[in-house]
Amino acid sequence: MNSIYPFEQWPLDLLVDYVLKVHHRGTREQGPVILNKLIEVAEAHREDNPNLLKVTDHFRNSLYDLDTHCTKEERVLYPYILEMFSAHSIGQTVIPFHCGTIQGPIGVMMADHSDELDRHNRIAELTDNYKAPEGADEDYVEAMQLLKQFRQGLDEHVALENEVVFPMALKLEGLAVE
């Protein structure tokens, strides 16, 4: 995983906090701002770039699906991961996850990640990799920059969970459950 932070060296509870406060919160706060900018730009360029309407629809659907995804993590998966981490840190065990293991929910989260990356690949294709056309107005340029930044955050979010948080949680589950 390419990052300026050594995530693999962070404790699991700090990783969860980072995902929640940087990625989940960032998606929920920045997503609507980006969507509003996209709507404005798509309407202004409806005739000369109809792909922006498709981009706006994909992005709107992404925000809805990401909110659902984040809510599942926040209400079900992460509380159990934090409970395991806390119990393990004081030498205790926790009762097994309500469906036996966290492997199933993690598989669902990873499938969600894959779906979102596919959707954002389509957005990248429709925007020529987030490039505003020659001579585009500053709102158009800003919308493409915001989309690109969102994608970079999504890439970090997915890699962090898939490559660091989930493997650490699965390893901990093997150590921490009765």
Side-chain angles (χ1 to χ4, degrees), residues 1-5 7-8 10-39 42 53-86 94 96-127 129-130 143-173 176-177:
M1 175 177 179
N2 289 335
S3 174
I4 60 171
Y5 301 114
F7 289 125
E8 295 83 1
W10 289 15
L12 189 53
D13 64 335
L14 181 58
L15 290 167
V16 169
D17 284 347
Y18 181 84
V19 168
L20 294 173
K21 292 187 174 76
V22 172
H23 293 292
H24 289 200
R25 182 185 295 165
T27 295
R28 288 180 173 132
E29 289 177 356
Q30 292 304 311
V33 172
I34 297 167
L35 180 60
N36 288 335
K37 179 61 75 175
L38 280 172
I39 290 168
L53 295 170
K54 294 176 190 172
V55 168
T56 302
D57 285 341
H58 282 306
F59 193 76
R60 180 184 293 111
N61 292 335
S62 176
L63 292 182
Y64 176 82
D65 290 346
L66 284 169
D67 185 60
T68 301
H69 169 88
C70 292
T71 299
K72 288 187 277 187
E73 287 180 344
E74 293 160 2
R75 292 187 181 164
V76 179
L77 186 58
Y78 281 157
Y80 186 75
I81 289 173
L82 291 172
E83 184 181 336
M84 282 193 312
F85 178 83
S86 179
V94 294
F97 195 60
H98 68 273
C99 58
T101 178
I102 57 173
Q103 280 184 307
I106 284 175
V108 171
M109 296 299 104
M110 291 176 76
D112 287 353
H113 291 163
S114 180
D115 291 345
E116 283 311 309
L117 292 178
D118 288 346
R119 185 185 337 240
H120 282 269
N121 286 339
R122 287 191 298 278
I123 290 172
E125 290 170 17
L126 289 167
T127 61
N129 207 26
Y130 314 107
M144 294 304 104
Q145 290 171 340
L146 290 169
L147 271 178
K148 185 175 183 177
Q149 290 168 359
F150 188 90
R151 174 59 189 264
Q152 290 167 340
L154 180 64
D155 287 344
E156 182 183 89
H157 177 182
V158 168
L160 180 55
E161 288 185 333
N162 287 2
E163 298 172 22
V164 183
V165 173
F166 294 160
M168 287 176 80
L170 288 165
K171 181 178 179 186
L172 186 61
E173 184 181 43
V177 296

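Each residue takes its place number in the sequence, starting with 1.
Side-chain contact between His120 and Phe150 is present, with heavy atoms from C-beta onward closer than 4.5 Å. For the pair Asp67 and Leu63, the minimum side-chain heavy-atom distance is 4.5 Å or more. For the pair Val19/Tyr78, a side-chain contact is recorded, criterion being any heavy-atom separation below 4.5 Å from C-beta on. For the pair Ile123/Tyr130, a side-chain contact is recorded, criterion being any heavy-atom separation below 4.5 Å from C-beta on. In this structure, Leu66 and Arg28 have side chains that are not in contact, with every pair of non-hydrogen atoms separated by 4.5 Å or more. A heavy-atom distance below 4.5 Å is not found between the side chains of Val33 and Lys37. A heavy-atom distance below 4.5 Å is not found between the side chains of Phe97 and Thr101. Considering only heavy atoms from C-beta on, Phe85 stays 4.5 Å or farther from Val16 through its side chain.
The CE atom of Met84 lies 7.0 Å from the CG atom of Leu12; values are rounded to the nearest 0.5 Å. We find the CD-OG1 distance between Glu116 and Thr27 to be 9.5 Å, quoted to the nearest 0.5 Å. Atom CG in Leu160 sits 8.5 Å away from atom CD in Glu8 (nearest 0.5 Å). Rounding to the nearest 0.5 Å places OG1 of Thr56 at 8.0 Å from CG of Leu147. Taken to the nearest 0.5 Å, the CG atom of Leu170 stands 4.5 Å off from the CD1 atom of Ile102. Remark: Arg119 CZ to Phe59 CZ distance equals 10.5 Å, nearest 0.5 Å.
Within 6.0 Å of NZ in Lys72 there are more than 12 heavy atoms belonging to other residues, nucleotides or ligands.
The backbone N or O of Ala124 lies less than 3.5 Å from a partner atom in the side chain of Thr127, making a donor-acceptor pair. Put simply, the side chain of Ser114 never gets that close to the backbone of Met110: no donor and acceptor are under 3.5 Å apart.
Nearest heavy atom pair, residue Asp112 against residue His69, reads OD2-ND1, 2.9 Å.
Taking 4.0 Å as the cut-off between side-chain N and carboxylate O, Arg122 and Asp118 do not count as a salt-bridged pair.
Shown here are the side-chain hydrogen bond (donor to acceptor under 3.5 Å, both in side chains) partners of Arg60, two or more places apart in sequence or in another chain: Asp57.
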What do the steps show when you test His113 against Phe166 for side chain to side chain contact (heavy atoms under 4.5 Å, CB included), and what is the final call?
CA-CA 12 Å; His113 291 163; Phe166 294 160; 3.8 Å; yes
Evaluate Val164 against Trp10 for side chain to side chain contact (heavy atoms under 4.5 Å, CB included), listing each step before the verdict.
CA-CA 9 Å; Val164 183; Trp10 289 15; over 6 Å; no
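Neither side chain, Arg151 nor Asn129, offers a donor N or O lying under 3.5 Å from an acceptor on the other.
With His23 as the partner, the side chain to side chain donor-acceptor pair (under 3.5 Å) test is satisfied by one option alone out of His157, Glu156, Glu161: Glu156.
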